[in-house]
Number of protein chains: 2
Amino acid sequence: MDSAGAAETGGYQPWSEVTPDAARRLLVAAVETFAARGYHATTTRDIAARAGMSPAALYIHYKTKEELLHRISRIGHDKALEILETAADGPGSPAERLAEAVRSFVRWHAAHHTTARVVQYELDALAPEHRSDIVALRRQSDAAVRRILADGVRAGEFDVPDVPGTTLAVLSLCIDVARWFNAAGQRTPDEVGALYADLVLRMVAAKP
Amino acid sequence: MDSAGAAETGGYQPWSEVTPDAARRLLVAAVETFAARGYHATTTRDIAARAGMSPAALYIHYKTKEELLHRISRIGHDKALEILETAADGPGSPAERLAEAVRSFVRWHAAHHTTARVVQYELDALAPEHRSDIVALRRQSDAAVRRILADGVRAGEFDVPDVPGTTLAVLSLCIDVARWFNAAGQRTPDEVGALYADLVLRMVAAKP
DNA sequence: CCGGAGGGTGAGCAAGCGCTTAGGACTTTG
DNA sequence: CAAAGTCCTAAGCGCTTGCTCACCCTCCGG
């Protein structure tokens with residue numbers, strides 16, 4: 001369990017935007033414990049101990065435990081949105097862009113399922129004022145996917161009777177990967193990404 | 001919030017297997033608070049207060065707070081499994097059975113999204129010995145869906161390169177309805193069920 | 001060599017937690 | 001009508017929680 005963070009990400013996950021070093025170690029420790037036990041079941045002592053510090057050290061870098069969650073959620077949502085928008089606004093046909101969006105979004109949720117679990121499933125633990133700016137990011141993610149679907153319908157590539165509903169379903173399917181994905185399982189993030197991209201393309205394909 | 005339980009279910013949800021009356025009231029209160037705030041964020045005082053009793057009353061009917069969760073999880077998983085197996089072993093072609101399975105499973109998750117949220121997303125809060133018998137039920141659910149897919153492939157109705165992976169995706173898609181479904185939203189459980197049945201059929205359809 | 005700033009600790013507070021206990025009010029039964 | 005059983009409560013115990021505070025390092029420019 002101690003090296004789960006490094007093992008999960010293949011040894012490379014920056015969190016480089018978090019400084020100084022001690023603040024980053026605390027944040028990484030928080031991600032790991034939040035993911036394993038849930039936000040409410042995690043104590044500030046758990047986090048500090050995992051980061052190799054005393055309980056009081058946490059409060060030098062963060063005002064509250066909730067601020068830690070908010071920072072994690074913010075960084076994760078920024079990344080998720082970036083992935084989707086890159087694919088949505090990239091080159092290629094709607095089908096290619098949709099496949100790339102699903103593939104990379106799913107790959108991220110699988111490879112970083114620890115982070116993703118916190119980001120996607122601990123929203124309700126945020127304070128209302130923090131929750132609302134995260135919800136805004138989620139709406140942008142929704143808009144990115146919807147944009148691809150609408151483009152595909154307009155181009156005649158897709159047959160999607162209910163664009164908002166299908167958008168919801170596609171995002172829901174991808175997000176839920178964070179819940180069930182197990183790093184010790186058989187499938188690699190790449191494999192899951194490829195499978196899901198295929199399934200989603202079938203969901204929207206125009207009947208020839 | 002007080003009448004949310006009744007409103008959500010259209011005034012009819014039995015929990016009839018739970019007796020006596022006070023035990024059922026406590027259990028319903030627990031479902032509502034667990035769903036709204038999460039298991040760990042819910043106190044035994046919250047539950048008792050919502051059921052209109054003193055904190056001590058809970059311990060007449062349940063040994064621990066965790067036993068309450070286990071009972072809820074057990075009843076919910078029994079119901080979910082029954083829905084899937086009824087569809088899987090029912091009459092009709094594989095496509096019809098798959099559509100019916102998804103439609104009824106999704107309808108249940110939407111109509112009873114409060115219960116479903118607890119059942120599907122609070123598994124980790126169970127004690128290990130309780131968790132394992134719930135996991136066994138989930139494996140049976142997985143087997144039911146897999147059975148339909150395998151039948152469809154054998155009959156040449158479906159084109160599914162990865163049956164275990166697609167089974168996982170279908171269940172994941174349906175389960176996640178409990179997370180995002182909002183009783184105050186525009187869609188009815190029936191509508192979501194119909195949409196999802198269509199999407200899933202497209203995912204597995206053989207190319208003509 | 002000094003002094004202050006930034007990063008850390010040990011001890012602990014007030015509040016809230018799950019759960020227990022002693023006992024009381026009703027209802028059912030002989 | 002007493003005895004027994006059922007259901008519930010008021011009070012509170014022992015512990016853990018998020019967080020604070022007084023103090024202590026170590027580094028570094030002057």
Side-chain angles (χ1 to χ4, degrees), chain A residues 15-73 118 122-131, chain B residues 15-73 118 122-131:
Chain A
W15 294 112
S16 53
E17 56 271 72
V18 184
T19 53
D21 194 72
R24 178 168 47 246
R25 270 157 51 218
L26 283 163
L27 189 133
V28 169
V31 168
E32 289 167 0
T33 28
F34 289 166
R37 295 207 265 275
Y39 174 80
H40 288 292
T42 299
T43 71
T44 55
R45 285 165 178 81
D46 290 337
I47 299 169
R50 185 178 265 263
M53 300 182 198
S54 78
L58 197 150
Y59 293 91
I60 296 165
H61 301 282
Y62 303 95
K63 277 211 294 285
T64 63
K65 175 179 148 186
E66 192 266 350
E67 187 194 323
L68 253 175
L69 177 63
H70 180 231
R71 284 268 246 277
I72 293 166
S73 200
V118 178
E122 300 285 359
L123 262 181
D124 291 342
L126 288 170
E129 68 274 20
H130 287 159
R131 199 173 184 283
Chain B
W15 294 111
S16 53
E17 56 271 71
V18 184
T19 54
D21 193 72
R24 178 169 49 245
R25 269 157 51 217
L26 283 163
L27 189 131
V28 168
V31 168
E32 289 166 2
T33 24
F34 288 165
R37 295 206 262 277
Y39 174 80
H40 288 293
T42 299
T43 72
T44 55
R45 286 165 176 82
D46 290 337
I47 299 169
R50 185 178 266 262
M53 299 182 199
S54 79
L58 196 151
Y59 294 91
I60 296 164
H61 301 281
Y62 304 94
K63 278 212 290 288
T64 63
K65 173 179 148 186
E66 192 267 350
E67 188 194 320
L68 252 176
L69 177 63
H70 177 56
R71 284 268 246 278
I72 293 167
S73 199
V118 177
E122 299 287 358
L123 263 181
D124 291 342
L126 288 170
E129 68 274 20
H130 287 160
R131 200 173 183 282

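Numbers restart at 1 for each chain; the letters A, B, ... are given by sequence-line order, proteins then strands.
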Atom pair distance, as rounded to whole Å: CD in E67(B) and C1' in dG18(C): 14 Å
Apply the test side chain to side chain contact (heavy atoms under 4.5 Å, CB included) to residues R71(B) and L68(B): give CA-CA distance (whole Å), side-chain angles for both, the deciding distance (0.1 Å), then the verdict. CA-CA 5 Å; R71(B) 284 268 246 278; L68(B) 252 176; 5.7 Å; no
Please determine whether a side-chain nitrogen of the Lys or Arg among D21(B) and R25(B) lies less than 4.0 Å from a carboxylate oxygen of the Asp or Glu. yes
Using only side-chain N and O atoms of T44(B), determine if any of them is under 4.0 Å from OP1 or OP2 of dG18(C). yes
Measuring only between side-chain heavy atoms, which start at C-beta, is H130(B) closer than 4.5 Å to L69(B)? no
To the nearest Å, how far apart are D46(A) CG and dC19(D) C1'? 15 Å
Residue list, side-chain hydrogen bond (donor to acceptor under 3.5 Å, both in side chains) with R131(A), at least two apart or on another chain: D124(A)
Which nucleotide, dC19(D), dC17(C), dG8(C), lies nearest any side-chain atom of R45(A)? dC19(D)
Trace of the side chain to side chain contact (heavy atoms under 4.5 Å, CB included) decision for H40(A) with Y39(B): CA-CA 9 Å; H40(A) 288 292; Y39(B) 174 80; over 6 Å; no
Residues D46(B), R37(B); criterion side chain to side chain contact (heavy atoms under 4.5 Å, CB included); working and verdict: CA-CA 10 Å; D46(B) 290 337; R37(B) 295 206 262 277; 3.3 Å; yes
Tell me: NE2 of H40(A) to C1' of dC17(C), nearest whole Å? 14 Å
For DNA chain D, determine which residues of residues 51-63 of chain A have any heavy atom closer than 4.0 angstrom to one of its atoms, and list them numerically. A56(A), Y59(A)
Side chain of K65(B): nearest nucleotide among dG18(D), dC7(D), dG18(C)? dG18(C)
